[in-house]
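Lettering follows sequence order; numbering is per chain, from 1. FYI, side chains are in, hydrogens and waters are out, and symmetry mates aren't considered; it's all heavy atoms of this structure.
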Amino acid sequence: MGIRLVLRGGTLTALLSGEIDHHTARILREEIDGAAAKARPDRLVLDFSGVQFMDSSGVGLIMGRYQWMKSLGGSVVLANLPERLEKIVSMAGLDKLAVEREVASREAGK
Amino acid sequence: MKPENEMRAAFPSASANEGLARAVVAAFVAQADPTVAELADIKTAVSEAVTNCIVHAYRDTLGTVYITAKLWGDGTLQIKVRDKGCGIADVKRAMEPLFTTGGEERAGLGFAVMQSFMDRVQVRSKPGAGTTVTLQKKLARRPPNG
């Protein structure tokens, strides 16, 4: 499990990698919330391109960040969801959230 | 009918062992040459069942999580995830999607994921004694070198 946080303008991008389960979701949540509390971004981009595995704890992580950003008047974008995560994402109805492909990582790479 | 192969594993209910549980089961299932999708389904279901033991069964304590896996010649895989934790008073309610007692960061989708990723899910529980979740899936057996 890994995370790299990139702040650019009002967008905070969290580049996630490895396996997201109950154990690692807790660590990711602390990292993301800590950075977001400091930066107060308008937009939180969760980039899943490096994520190999995710169970429903990852769904809880996304839903929690979504609620939190909403309460701050911001938004959450799910970027670069690999095909292997599509089943759990659509099962949880998260595909109805803002989903972007290949945008966030290019932005973050600049 | 006797299974072709079987295995047992036991480990403490520490959250770091969620990944271990997935890896152990994945290594056992590998001999059946599962598809990438089948393996992902099995790992996800096991992860949900083991997380339930850690988050709910042994909520304020550390206990042992037991996994047994059996594989039959026709491709039938059966995995049992067992704990000696607090048990579930109302199994039917616990299995309802979005129902959770785990706080706001829990999605309440554990059993729904197990049910949609496996062919059969059975839950036996006794309050105060523990819970056994039985997961079953028939793997598509592919011919060797096929």
Side-chain angles (χ1 to χ4, degrees), chain A residues 1-3 14 16-34 36-37 44 46 48 50-72 76 78 81-97, chain B residues 11-23 25-26 34-59 65 81 94-118 121 135:
Chain A
M1 183 274 306
I3 180 168
L16 310 170
S17 61
E19 307 203 323
I20 304 180
D21 61 13
H22 158 252
H23 180 68
T24 61
R26 200 161 31 182
I27 301 159
L28 296 174
R29 183 176 68 223
E30 282 168 15
E31 293 270 342
I32 295 167
D33 288 6
L44 173 67
L46 301 173
F48 290 87
V51 176
Q52 301 300 321
F53 172 87
M54 187 176 96
D55 66 13
S56 74
S57 296
V59 173
L61 177 76
I62 295 169
M63 282 167 36
R65 303 294 70 63
Y66 179 75
Q67 294 297 339
W68 196 62
M69 282 302 290
K70 214 167 101 179
S71 75
L72 297 175
V76 172
L78 308 182
L81 280 165
E83 206 184 311
R84 58 184 170 269
L85 301 188
E86 268 172 18
K87 194 166 171 177
I88 187 129
V89 164
S90 65
M91 211 206 110
L94 295 175
D95 47 344
K96 292 177 193 84
L97 293 180
Chain B
F11 48 87
S13 61
S15 62
N17 285 332
E18 290 155 8
L20 172 80
R22 292 193 297 274
V25 171
T35 64
V36 171
E38 283 171 341
L39 194 59
D41 287 356
I42 294 159
K43 282 174 73 177
T44 310
V46 167
S47 201
E48 301 293 351
V50 170
T51 300
N52 276 350
C53 298
I54 293 165
V55 173
H56 300 290
Y58 298 121
R59 179 179 290 244
V65 180
V81 178
M95 291 181 80
E96 281 171 15
L98 306 181
F99 175 81
T100 181
T101 56
E104 59 180 317
E105 292 266 304
R106 306 295 317 156
L109 290 175
F111 281 120
V113 168
M114 288 183 236
Q115 284 172 320
S116 90
F117 286 35
M118 301 296 279
V121 179
L135 307 165

- Item | Nearest non-hydrogen partners of A/T24 and A/E19, listed with the distance | OG1-O, 2.8 Å
- Can you check whether anything in residues 89-97 of chain A gets within less than 4.5 Å of chain B, heavy-atom wise, and list it by number? A/M91, A/A92
- Applying side chain to side chain contact (heavy atoms under 4.5 Å, CB included), run through A/L78 and A/R65 and close with a yes or a no. CA-CA 11 Å; A/L78 308 182; A/R65 303 294 70 63; over 6 Å; no
- Message: What part of A/I88 gets within 4.5 angstrom of chain B, counting heavy atoms only: side chain, backbone, both, or neither?
- Response: both
- Message: Please give me the minimum heavy-atom distance between A/L61 and A/A25, naming the atom from each residue.
- Response: CD1-O, 3.6 Å
- Could I get the full list of side-chain hydrogen bond (donor to acceptor under 3.5 Å, both in side chains) partners for B/N17, not counting sequence neighbours? none
- Task: Could you tell me which of B/V50, B/T44, B/L98 has the largest number of non-hydrogen atom pairs under 4.5 Å with chain A?
- Result: B/T44
- Query: Contact part of B/S116 toward chain A, heavy-atom cut-off under 4.5 Å: side chain, backbone, both or neither?
  - Reply: both
- Scanning both residues in full, the closest heavy-atom pair of A/W68 with A/A37 reads CH2-N, 3.9 Å
- Message: Less than 4.5 Å to any heavy atom of chain A: does that hold for the side chain of B/A112, its backbone, both, or neither?
- Response: both
- Message: List the residues meeting side-chain hydrogen bond (donor to acceptor under 3.5 Å, both in side chains) with A/R26, not counting sequence neighbours, and say none if there are none.
- Response: B/S15
- Under the salt bridge (Lys or Arg N to Asp or Glu O under 4.0 Å) rule, collect the residues that match up with A/D21, sequence neighbours excluded. B/R22
- Looking only at heavy atoms, the pair that brings B/A107 and A/S56 closest together is CB-O, 3.8 Å
